[in-house]
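To start, the structure itself, in structure tokens.
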Amino acid sequence: MATMNMIQAINSAMDVMLERDRGTVVFGEDVGYFGGVFRCTAGLQKKYGKERVFDAPIAEGGILATAIGMGVYGLRPVVEIQFADYIYPAFDQLVSEAARLRYRSGGEFWAPITVRSPCGGGIFGGQTHSQSPEAVFTHVCGLKTVIPSNPVDAKGLLIAAIEDDDPVVFFEPKRIYNGPFEGYHDRPLVPWSKHPLGEVPDGYYRIELGKAAIVREGAAVTVLAYGTMVHVAQAGAAEAGVDAEIIDLRTLVPLDIDCIVASVKKTGRCVIVHEATKTSGFGAELMAQVQELCFAHLEAPIVRVTGWDTPYPHAFEWEYFPGPDRVKRALLKVMEG
Amino acid sequence: MATMNMIQAINSAMDVMLERDRGTVVFGEDVGYFGGVFRCTAGLQKKYGKERVFDAPIAEGGILATAIGMGVYGLRPVVEIQFADYIYPAFDQLVSEAARLRYRSGGEFWAPITVRSPCGGGIFGGQTHSQSPEAVFTHVCGLKTVIPSNPVDAKGLLIAAIEDDDPVVFFEPKRIYNGPFEGYHDRPLVPWSKHPLGEVPDGYYRIELGKAAIVREGAAVTVLAYGTMVHVAQAGAAEAGVDAEIIDLRTLVPLDIDCIVASVKKTGRCVIVHEATKTSGFGAELMAQVQELCFAHLEAPIVRVTGWDTPYPHAFEWEYFPGPDRVKRALLKVMEG
Amino acid sequence: MSQTSALRLHVPEPKARPGEATDFSGLVIPAAGVLKRPPIDEPDHSMRDYAFGMIRVLDEAGAAVGEWDPKLTPEMLKAGLRYMLTTRTYDERMMRVQRQGKTSFYMKCTGEEAVAVAQAMALDRGDMLFPSYRQQGLLIAREHSLVDMMCQVYNNTKDRLKGRQLPVMYSSKDSGFFSISGNLGTQFPQAVGWAMASAIKGDTRIAASWVGDGTTAEADFHYALTFATVYQAPVVLNVVNNQWAISTFQGFAGGEQTTFAARAIGYGLPGLRVDGNDFLAVYAATKWAADRARNNLGPTLIELYTYRAAPHSTSDDPSAYRPDDEFKRWPLGDPIERLKQHMERIGIWSEAEHTALLAQVDDDVRAAQKEAEGYGTLGVKPASAASMFEDVYKDVPQHLIRQRQELGV
Amino acid sequence: MSQTSALRLHVPEPKARPGEATDFSGLVIPAAGVLKRPPIDEPDHSMRDYAFGMIRVLDEAGAAVGEWDPKLTPEMLKAGLRYMLTTRTYDERMMRVQRQGKTSFYMKCTGEEAVAVAQAMALDRGDMLFPSYRQQGLLIAREHSLVDMMCQVYNNTKDRLKGRQLPVMYSSKDSGFFSISGNLGTQFPQAVGWAMASAIKGDTRIAASWVGDGTTAEADFHYALTFATVYQAPVVLNVVNNQWAISTFQGFAGGEQTTFAARAIGYGLPGLRVDGNDFLAVYAATKWAADRARNNLGPTLIELYTYRAAPHSTSDDPSAYRPDDEFKRWPLGDPIERLKQHMERIGIWSEAEHTALLAQVDDDVRAAQKEAEGYGTLGVKPASAASMFEDVYKDVPQHLIRQRQELGV
Ligand SMILES: Cc1ncc(C[n+]2csc(CCOP(=O)(O)OP(=O)(O)O)c2C)c(N)n1
Ligand SMILES: Cc1ncc(C[n+]2csc(CCOP(=O)(O)OP(=O)(O)O)c2C)c(N)n1
Ligand SMILES: [Mg+2]
Ligand SMILES: [Mg+2]
């Protein structure tokens, strides 16, 4: 057991898998010698050699394509897309190829790749270093989408993703790399070393994909969140003084719908929180499924708290970010309704 | 007034705009000399010259990028992506560039481009000539997304799209190019010439983006559909013998939410139909908005009828296609609930 | 020097349109045998001329001339001829069954048979092939079962792809033939990744991939060449320049200004331009590139200069955009005729043997068809509709189980 | 030839890592003045050598030699020097204000000033520029207001981009400077489209665009070259090879195997490799390419060979991946020093004048900073938060009005 922040936990997951499985390879822009712009791969090239951990040309589509080829060969490539905002050049290879290969080949070929990418705002990254594009991947059958909210999960989920025989998109909310961020940008950041979920086992362990975690039990209202918003939701619930049951989805596809349904049937109310833009965000799908499966139990309309349907403006970062105050207001509204 | 199928109506819209506005240019793969694999641009090169209507390299990303540059210059490019399945290589230019240019330049630069692309299945196209990717575009702020369901709308909406100063993605359900398809693949196709909406004005007219059309008034349940599914919904409602109010959305973003809300408040029930895969499809957003705005009026859970969360398999096309029988069953279920 | 006139857009134009007679006189076809065959470790920068010349072995009289003559055994020549004939016969038959409504779609490679057949023969059986949809000859030269290929075309009960793919989108792990994508070009950089993996593992197998002239404009072409050169991947990258991409001639991919083999120069790779209708030249160039890759000397780009004699697909009518007889007047002729002429000239083949072979190939294809149709044609489903929900993921997730139940299968 | 050993992956390695001394002896730097200056209508195929040589005008002693000497007037040389010095001074000051917390981010172009400044001067004022984030010199050479640039960096009340963009992502329609994207390379084919539009309209204006060495690996680079060659677009496409892309050296973009100018050959374009720290060579090559484009003779690719002396950005620490003193040992020197040396040599400049200019430039930048800071630094918002919902679309749609109301602004 060691104290790790999310960067270290993610690094440790790759370290463990590079050690356990000769087929694991890690590559991407600046991930080799330098160890990644967020340092997630620091030290790995030195430890495992530059044939297994290496830098790549600045071509996200080429990174994905070659990863697919390596996956077909039998390796387990773990690639980094430097920012989620830059995953779009790789979209075709992900959607048309990685996601469809097993299906179209009748099960003969597949690409067990893991695509890691830092997502989300709150670091003054402006409109091209702050995006949360997870929803579009959840629309693509054949892909799995994972977003951890803390170091323990990050490591266990990343190991499970690397071992998974399907392509997994693994988004890392960069705002919580160093500590759980509750949305109070004017307060000092508490590091993960001061948080119980910063206690991370050293060796191998997995957290199964497709399983949500109830981070706070409650009876009054169900809050669905993932990534940074898990922490913001907790702060918002505290501010509202509402006995919220807060669910960290962890995996968006496949979704742990049973956990969600059980909770909403218990509470009768639901708030969904994400940082991504609202229209056709993953909140829409969550809302749809909840109303499909819990209609008779709902006592108030479900409410979404999301990023606005605009790019993420540099100077208005905190007006854009869906912080605890907005969560609080949503909770109070749902409790009234 | 002339009788036109959708191909002719779309052709006519471009013809009208090429005539009216010297800035209109049309290009894409096979659209020049040959007139497009679906013949939507037939005759236009001959009429307007190959500097304004021309073939393009097979590079969807390059087509979009050059169209943006032309738009910045002051032209109004109308580009064709041969199949919606092949729009992904252009995704980055659409999402990161076309959609954000006006915003990031403080309103100084913009790209008034129209991206036409045939979408949807039902023509034995297999998994790479049948996709309906509209949902991912609706998640991208800065883009408008349009899907017509008949020749009159197709022409009027396309003219409005070309004249629009924002980038518009214009999907053409190829299954209804020649006639309204109600989903009975074993019955002969009725051509547009036998349908009132096949009567199309010859010259210039526009149908405003963002306005839905009520194609059938009804009191029992609201059906939200677009493209091919407008016809399938009508057939399904007839089969169910339910007094459905059927709304053809026509534009997904911006959405005519007022029209939807008024209808659902009246009927108290709602079925959403689309051909795209279910999870995070546009049906999720529709369902979310309806439950947000009509919660107290809903008498039964909203039901989605959609494509399955699988690729579109060639031999199982009709098991995949959400046909009138599935709509019927959804309607009956909603009426019960 | 200042502005002299208004700018104008250049829009490429092919040599001829329907009703016109293509003038091929401007086409420079270098004589056979003139290019030297460099050692496989020749540095790319001393090979730039190969991108602009043309490797040709068979001369007009059918003689094999020059250093690139691969000196194949009679057995290999006969096998090559047989595979090419089988490919052409197979194509004709499948085109016909599509016209009969027994399947929805088909694509021929007529006139381009030497490309896939000679290349398959020049590669090792363990090498991995990442083809486009027009290299059915690879499967045939690897003696993949015709019946199995047909079952895919028919989407019938024995279709190993479970009816999911459009006809001709074959896939066979056994035959080292990667699943064909409907999306152009995506396989090109995947092949590079596969080759990189082989190198990472210290294996000996190499990869090969094919795109058309039109497809070179896609991003994936650039990714493939970039990653191939950066990591010196053991891969043979082929551009089949058959002059057309549906209705657009190769000028719309840049072919008006230079050759496709020249692209290699920009990445520091050898680029070989090869007479794609010359079986011996195709074999020799491919073998050279494969040996180079196999010896850790890096990737090669090969442009195979040929002509798409067939329509693009059964959905296409070329008479709308090019002269009908252009193929017949194509200066590089027919690859089958040219190999036959050569074999006759060196005395290992006769008209009688050819007639017999044709008959035998025809029988083989007919027999295969008969067997395949015994397993059904399009509409006779390959599996239950439940299979539609399989293989999206390795294990069927809960939401797909629910959807399957909703469909009631 | 058969397999001799196991395959292995080649992974590029720069000449030196931290703590080592870079050995530049392998770097071939051709002498200044040796290349001829071809007429602007020279066909690309007779210009292939320009992709492998290097256009250089200034020799080691500061003399302008050879046919490429653009013979600029003393006024132009002085203006060039002033713009370069302004750029460097501006960069240093903005870097410092970032360190002071007055903004979030900054990127310098130190060591590369000749590229943007000479190129802006060689182009016409009406030509449209599609830059990357490291061509601030274009704006400065077009005499765009320093205050306006700084207001963008500060995201203050006068920021014309309304606080939406990361610092340095300038945009100015007035200065013919296209909005910088955070996404690498996207502007390259957009510039080609703009140039095509100019040709479609029969206008006289051309476009120019810039990408870094690392960015050449992106799809957009390939799209740009393909569309440029196919339509012979009037555009000047520039690769600023400053040897580094954040922590990866240019070998990871293919620079180990050949030059970036060589890419042009594969598309049938002239590719000019230019000493990017030689103001006169950069000017001359750009003028040649611009004249060519303006006369309907098509596009040109220029590789500007230089060195990124600065860290990638304020978020970067290069000492973690390259020797700290590499820039000082860079064989092509400092573009400012080299132009100064030349001007002194031809007798139009003196140390005293230089000192005075430096002081004046420093005053200008300080004055601009003072004024700009008067409009606020990061945190002093450029507009009300309501502006966040504007310009997503031309007109604010209903759903954004509702969201604005929800935010309560
Ligand atoms: C990404 C993508 N864009 C467009 C298409 C449609 N399409 C199918 S084949 C084809 C032409 C390809 O031409 P070429 O690469 O020369 O290959 P050939 O057909 O000549 O063998 C096009 C445009 C596609 N399948 N995929
Ligand atoms: C599409 C995309 N991928 C990755 C990045 C992250 N990134 C920003 S700058 C940079 C390096 C670019 O290097 P180069 O093109 O050589 O330009 P230079 O910084 O040297 O001027 C990278 C990888 C990005 N901005 N956009
Ligand atoms: Mg072709
Ligand atoms: Mg660089």
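Protein chains get the first letters and strands the later ones, always in sequence-line order, with residue 1 at the start of each.
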Check each atom of [X] against the heavy atoms of chain A and say whether the ones under 4.5 Å are side chain, backbone, both or neither.
X: D:Val11; result: both
X: D:Pro12; result: backbone
X: D:Ser315; result: neither
X: D:Leu184; result: side chain
X: D:Ala320; result: both
X: D:Ser313; result: neither

Among D:Thr306, D:Asn241, D:Asn242, exactly one meets side-chain hydrogen bond (donor to acceptor under 3.5 Å, both in side chains) together with D:Glu112. Which residue is that? D:Asn242
Are A:Glu275 and A:Arg175 close enough for a salt bridge, meaning some N to O gap below 4.0 Å? no
Report the C-alpha separation of A:Glu319 and D:Lys381 in whole Å, then their side-chain angles, then the decisive distance to 0.1 Å, and conclude whether the salt bridge (Lys or Arg N to Asp or Glu O under 4.0 Å) test is met. CA-CA 11 Å; A:Glu319 286 81 357; D:Lys381 301 294 165 71; 3.0 Å; yes
Under 3.5 Å, is there a donor-acceptor pair between the D:Tyr267 and D:His222 side chains? yes
Going by atom types alone, do D:Gln135 and D:Ser132 pair a side-chain donor with an acceptor below 3.5 Å? yes
Please identify, among D:Arg17, D:His312, D:Met169, the residue contributing the most non-hydrogen atom pairs under 4.5 Å to chain A. D:Arg17
Report, in residue-number order, which members of residues 248-256 of chain D are under 4.5 Å from chain A by heavy-atom distance. D:Thr248, D:Phe252
Chain A neighbours within residues 398-409 of chain D, where any heavy atom lies under 4.5 Å away: D:His399, D:Leu400, D:Gln403, D:Glu406, D:Leu407
Checking salt bridge (Lys or Arg N to Asp or Glu O under 4.0 Å) for the pair D:Asp391/D:Arg164: CA distance, chi angles, key distance, verdict? CA-CA 11 Å; D:Asp391 298 327; D:Arg164 292 177 187 151; 2.8 Å; yes
Out of the candidates D:Phe178, D:Phe188, D:Trp210, only one should pair with D:Phe130 under the ring pair (Phe, Tyr, Trp, His ring centres under 6.0 Å) rule; please name it. D:Phe178
Please name the residue in the list A:Tyr184, A:Phe316, A:Phe181 that meets the ring pair (Phe, Tyr, Trp, His ring centres under 6.0 Å) test with A:Phe321. A:Phe181
Is the A:His314 to A:Phe124 ring centre distance short of 6.0 Å? yes
Is it the side chain or the backbone of A:Glu317 that comes within 4.5 Å of chain D heavy atoms, both, or neither? neither
Region of A:Phe83 that comes under 4.5 Å of a non-hydrogen atom in chain D: neither
Does the side-chain contact (heavy atoms from CB on, under 4.5 Å) test come out yes or no for A:Val115 and A:Leu64, once each step is laid out? CA-CA 8 Å; A:Val115 182; A:Leu64 251 293; 4.0 Å; yes
Taking the side chain from A:Tyr48 and the backbone from A:Gly43, do they hold a donor-acceptor pair closer than 3.5 Å? no
Looking only at atom types and distance, does a side-chain atom of D:Arg134 sit under 3.5 Å from a main-chain N or O of D:Lys108, one as donor and one as acceptor? yes
Which atom pairs, donor and acceptor, lie under 3.5 Å between side-chain atoms of residues 23-38 of chain A and protein residues at least two apart or in another chain?
from, atom 1, to, atom 2, distance (Å)
A:Thr24, OG1, A:Met17, O, 3.2
A:Thr24, OG1, A:Asp21, O, 3.3
A:Asp30, OD1, D:Ser247, N, 2.9
A:Asp30, OD1, D:Ser247, OG, 2.6
A:Asp30, OD2, A:Gln82, NE2, 2.8

Could you tell me whether A:Arg39 atom CZ has more than 12 heavy atoms of other residues or ligands within 6.0 Å of it? yes
Would you say NZ of A:Lys333 has more than 12 non-hydrogen atoms from neighbouring residues, nucleotides or ligands within 6.0 angstrom? no
Mind ranking A:Gly126, A:Ala315, A:Gly61 by heavy-atom pairs under 4.5 Å with chain D and telling me who comes out on top? A:Ala315
Does the plane of the ring in A:Phe91 sit parallel, tilted or perpendicular to the ring in A:Phe137? Use 30° and 60° as the thresholds. perpendicular
Sort by residue number and list every residue of residues 49-58 of chain A having at least one heavy atom under 4.5 Å from chain D. A:Lys50, A:Glu51, A:Phe54, A:Asp55, A:Ala56, A:Pro57, A:Ile58
